[in-house]
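Working notes, beginning with the structure itself.
The structure presented is a predicted model; accordingly, all values stated were derived computationally and were not measured. Throughout, numbering of the chain's residues begins at 1 and tracks the sequence.
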Amino acid sequence: MQLDCDVLIVGAGPAGLALAAALVGAGLSVTVLDSQDRATLAAPAEDGREIALTHSSVALLRTLGQWQRLADSEIGTIRAAQVVDGPLQQAALHFTTPRNPDERLGWIVPNHALRRTAYEVAAHTPGVRLVTEARVTRVAVTPAHAELEYTDTRNLDAAPQRLQAPLLVAADSRFSATRRQLGIGAAMH
């Protein structure tokens, strides 16, 4: 059996691309597939979402070279947080930094900025193969490997392409079609 790489990642968002760069840094070969084109991945539109990051998350982004690519105006500081489960008056948890007002709980960054910088790093990391404009049509696992088939959305008449690897990572959003195809997270009857 001929494997195409060590890890297949479906989804070129911040998680999939950061994972790809980290795995290549550990000596693995990685192929990332995404339905979007390179121009959209390189300059994602603002989507109104903000991502809270812990100290360890920022340390990882620094190691990957992604944090340094963010503009100062894209980085906010979290000094207090409140976790709510139910009506606001029933707030369950409060987090603050009472000892030192300059201390941070974490940072907050626009999602589109994390997407942009993750693409910048992955696209310039030797060993990360990006397959864009790819619609994954089938995923399967065997005892020895995972495989997927995809079509090039620029040429839907072309035959599907197949890739195989020992590991497949579904990083294609919280509504992952890849996980659904594998029965992960689906309701069991």
Side-chain angles (χ1 to χ4, degrees), residues 5-84 92-134 136 165-179 185:
C5 59
D6 295 313
V7 183
L8 292 167
I9 300 174
V10 179
L17 292 173
L19 177 61
L23 291 173
V24 166
L28 299 173
S29 61
V30 179
T31 299
V32 180
L33 296 97
D34 199 272
S35 60
Q36 299 179 88
D37 61 32
R38 286 183 183 267
T40 302
L41 291 171
E46 290 186 34
D47 59 11
R49 294 185 294 162
E50 302 290 323
I51 306 300
L53 299 168
T54 64
H55 290 267
S56 58
S57 296
V58 170
L60 175 62
L61 294 176
R62 286 184 201 278
T63 298
L64 295 174
Q66 189 176 333
W67 187 256
Q68 299 86 323
R69 294 173 179 265
L70 292 166
D72 289 342
S73 62
E74 294 174 321
I75 302 170
T77 300
I78 300 174
R79 296 195 195 290
Q82 182 176 353
V83 178
V84 178
L93 299 170
H94 297 273
F95 299 95
T96 60
T97 56
R99 290 187 207 121
N100 181 352
D102 293 329
E103 194 175 328
R104 297 177 177 95
L105 286 175
W107 292 264
I108 192 159
V109 176
N111 183 59
H112 75 277
L114 285 177
R115 291 178 63 205
R116 183 193 74 240
T117 59
Y119 176 80
E120 289 171 2
V121 169
H124 294 97
T125 299
V128 174
R129 178 180 172 215
L130 290 170
V131 179
T132 59
E133 299 179 74
V136 175
L167 179 64
L168 170 71
V169 176
D172 54 335
S173 89
R174 64 182 179 194
F175 306 112
S176 173
T178 304
R179 288 192 302 272

Side-chain donor-acceptor pairs under 3.5 Å in residues 166-178, sequence neighbours left out?
unit_1, atom_1, unit_2, atom_2, d
Asp172, OD1, Ser176, OG, 2.4
Asp172, OD2, Ser176, OG, 3.4
Asp172, OD2, Ala177, N, 3.4
Asp172, OD2, Thr178, N, 3.2
Asp172, OD2, Thr178, OG1, 2.8
Ser173, OG, Phe175, N, 3.0
Ser176, OG, Thr178, N, 3.3
Ser176, OG, Arg179, N, 2.9

Checklist line | Residue pairs involving residues 19-43 (criterion salt bridge (Lys or Arg N to Asp or Glu O under 4.0 Å); sequence neighbours excluded) | finding: none
Next item on the list: Would you list the pairs meeting ring-ring contact (aromatic ring centres under 6.0 Å, His included) in which at least one residue belongs to residues 22-61, sequence neighbours left out?
Entry: His55-Trp107
Check: Crowded around Gln68 CD? As in, over 12 foreign heavy atoms under 6.0 Å?
Finding: yes
Checklist line | Any residue meeting salt bridge (Lys or Arg N to Asp or Glu O under 4.0 Å) with Arg69, in chain and number order, not counting sequence neighbours | finding: Glu120
Note to self: Assess the residue pair Thr40 and Thr132 against the criterion (side chain to side chain contact (heavy atoms under 4.5 Å, CB included)); give the C-alpha distance rounded to whole Å, side-chain angles, the decisive distance to 0.1 Å, and a yes or no.
What the structure shows: CA-CA 10 Å; Thr40 302; Thr132 59; over 6 Å; no
Notebook entry, point to check: Tell me, do Leu130 and Leu17 make a side-chain contact under 4.5 Å, heavy atoms counted?
Noted result: yes
Margin query: So, using side-chain hydrogen bond (donor to acceptor under 3.5 Å, both in side chains) as the criterion, who are the partners of Glu74 when residues are at least two apart?
Written below: Arg116
Next item on the list: Output, in order, the C-alpha distance, side-chain angles, deciding distance and verdict of side chain to side chain contact (heavy atoms under 4.5 Å, CB included) for Thr31 and Val131.
Entry: CA-CA 7 Å; Thr31 299; Val131 179; 3.8 Å; yes
Margin query: If the condition is side chain to side chain contact (heavy atoms under 4.5 Å, CB included), which residues does Ala43 pass it with, not counting sequence neighbours?
Written below: none
Next item on the list: Return the minimal non-hydrogen interatomic distance between Leu70 and Ala113, and the atom names on each side.
Entry: CD2-CB, 3.7 Å
Checklist line | Partners passing side-chain hydrogen bond (donor to acceptor under 3.5 Å, both in side chains) against Ser56 (at least two apart in sequence or in another chain) | finding: Thr54
Below 3.5 Å, can you tabulate the donor-acceptor pairs from side chains in residues 7-14 to any protein atom, sequence neighbours excluded?
none

Check: If you look only at pairs with a residue in residues 124-134, which of them pass as a salt bridge (Lys or Arg N to Asp or Glu O under 4.0 Å), with sequence neighbours excluded?
Finding: Glu133-Arg154
Check: Are Cys5 and Val30 close enough, and set up right, to give a side chain to side chain contact (heavy atoms under 4.5 Å, CB included), and what steps lead you there?
Finding: CA-CA 6 Å; Cys5 59; Val30 179; over 6 Å; no
Next item on the list: Please collect all side chain to side chain donor-acceptor pair (under 3.5 Å) contacts where either partner lies in residues 7-22, sequence neighbours excluded, each pair once.
Entry: none
Note to self: Working note: Gln66 + Leu60, criterion side chain to side chain contact (heavy atoms under 4.5 Å, CB included); need CA distance, chi angles, decisive distance, verdict.
What the structure shows: CA-CA 9 Å; Gln66 189 176 333; Leu60 175 62; over 6 Å; no
Check: Sequence neighbours excluded, which residues qualify as salt bridge (Lys or Arg N to Asp or Glu O under 4.0 Å) partners of Asp72?
Finding: none
Item checked: Listed once per pair and sorted, the side chain to side chain donor-acceptor pair (under 3.5 Å) pairs that draw on residues 10-19, sequence neighbours left out -> none
